[in-house]
Amino acid sequence: QVQLINSGGGLVQAGGSLRLSCAASGRTFSSYAMGWFRQAPGKVREFVGAINRGGDRTYYADSVKGRFTISRDNAKNTVYLQMNSLKPDDTAVYFCAATTGSDYMLALRYDYWGQGTQVTVSS
């Protein structure tokens, strides 16, 4: 069992930055690839990015590529999402998730989810 706690959301102006964190319980954090998803009101949950177990490979949605960066610290059982050059379209609830699979873009492949954190970008 893995519990994920999201933190770091908030209100920011367009062009600003935020860093989200996702802290995991348990001793098996390094066994999971970690993903970030987001869901805006009235929209389906969408893939933002993912990082593999070792932290040496990352994957991003085209909409955030070059602006967002995912990293992880397996010693701290934490994964991060650094968001720069934020746009109003980035406004959503952001979720971290853990998977033992390799289909990182598919929400159904994730076994555990954080509670989500709200990110609001004003224009």
Side-chain angles (χ1 to χ4, degrees):
Q1 189 79 5
V2 175
Q3 289 187 327
L4 303 175
I5 305 297
N6 287 124
S7 62
L11 173 64
V12 64
Q13 289 188 333
S17 298
L18 280 175
R19 189 176 82 156
L20 306 184
S21 298
C22 174
S25 66
R27 300 180 180 178
T28 59
F29 178 69
S30 60
S31 299
Y32 294 88
M34 299 298 296
W36 287 95
F37 289 77
R38 66 186 181 186
Q39 188 165 16
K43 295 187 177 181
V44 299
R45 190 167 298 190
E46 66 172 353
F47 173 76
V48 173
I51 188 166
N52 69 344
R53 293 162 185 76
D56 59 333
R57 291 190 178 182
T58 52
Y59 310 84
Y60 298 98
D62 287 344
S63 59
V64 307
K65 200 172 293 183
R67 299 188 298 121
F68 290 11
T69 302
I70 297 173
S71 60
R72 67 189 294 164
D73 186 337
N74 285 344
K76 295 183 178 180
N77 284 8
T78 303
V79 62
Y80 304 97
L81 178 64
Q82 177 67 43
M83 305 184 294
N84 298 329
S85 302
L86 282 160
K87 305 174 182 180
D89 283 349
D90 295 318
T91 295
V93 177
Y94 284 72
F95 301 86
C96 66
T99 180
T100 55
S102 58
D103 296 328
Y104 300 144
M105 294 183 65
L106 300 177
L108 290 176
R109 297 299 189 189
Y110 286 79
D111 305 297
Y112 303 102
W113 290 83
Q115 84 282 12
T117 186
Q118 176 71 47
V119 171
T120 303
V121 184
S122 63
S123 58

dist Y59:OH -> N52:CG (nearest 0.5 Å) comes out at 5.5 Å

Y104 six-ring face occupied by R57 cation (under 6.0 Å, within 45°) | no

Notebook entry, point to check: If two hydrophobic side chains count as joined below 4.5 Å and joins carry through other members, does Y80 share a cluster with M83?
Noted result: no

| request: Could you check if a side-chain atom of S122 sits within less than 4.5 angstrom of a side-chain atom of Q13, using non-hydrogen atoms only? | output: yes

Exactly one of F47, F37, Y32 clears ring pair (Phe, Tyr, Trp, His ring centres under 6.0 Å) with Y110, and that residue is F37

Quick check: are there more than 12 heavy atoms from other residues, nucleotides or ligands sitting under 6.0 Å from CD of Q3? no

Practice item. State, yes or no, whether a side-chain contact exists between D90 and V119 at a heavy-atom distance under 4.5 Å. Key: no

d(K87 NZ, S123 OG) to nearest 0.5 Å is 14.0 Å

Nearest heavy-atom contact between I70 and T58 is O-CG2, 3.5 Å

Margin query: Is it true that, when you exclude R109 itself, more than 12 heavy atoms of the residues, nucleotides or ligands shown sit nearer than 6.0 Å to its CZ?
Written below: no

Distance col, row M34:CE vs F29:CZ, nearest 0.5 angstrom, shows 5.0 Å

Query raised in the report: Between W113 and R45, is any pair of side-chain heavy atoms under 4.5 Å apart?
Result: yes

- Query: Is there a path of hydrophobic side-chain contacts, each under 4.5 Å between heavy atoms of I, L, V, M, F, W or Y residues, that connects F95 with L4?
  - Reply: no

In this structure, CG of N6 is separated from OG1 of T117 (nearest 0.5 Å) by 6.0 Å

CG of N77 to SG of C22, rounded to nearest 0.5 Å, is 10.0 Å

Rounding to 0.5 Å, atoms SG (C96) and CD1 (I51) come to a distance of 12.5 Å

Tracing side-chain contacts under 4.5 Å among Ile, Leu, Val, Met, Phe, Trp and Tyr outward from I5 reaches none

What one should report as the nearest heavy-atom pair of S63 and R38 is OG-NH2, 3.6 Å

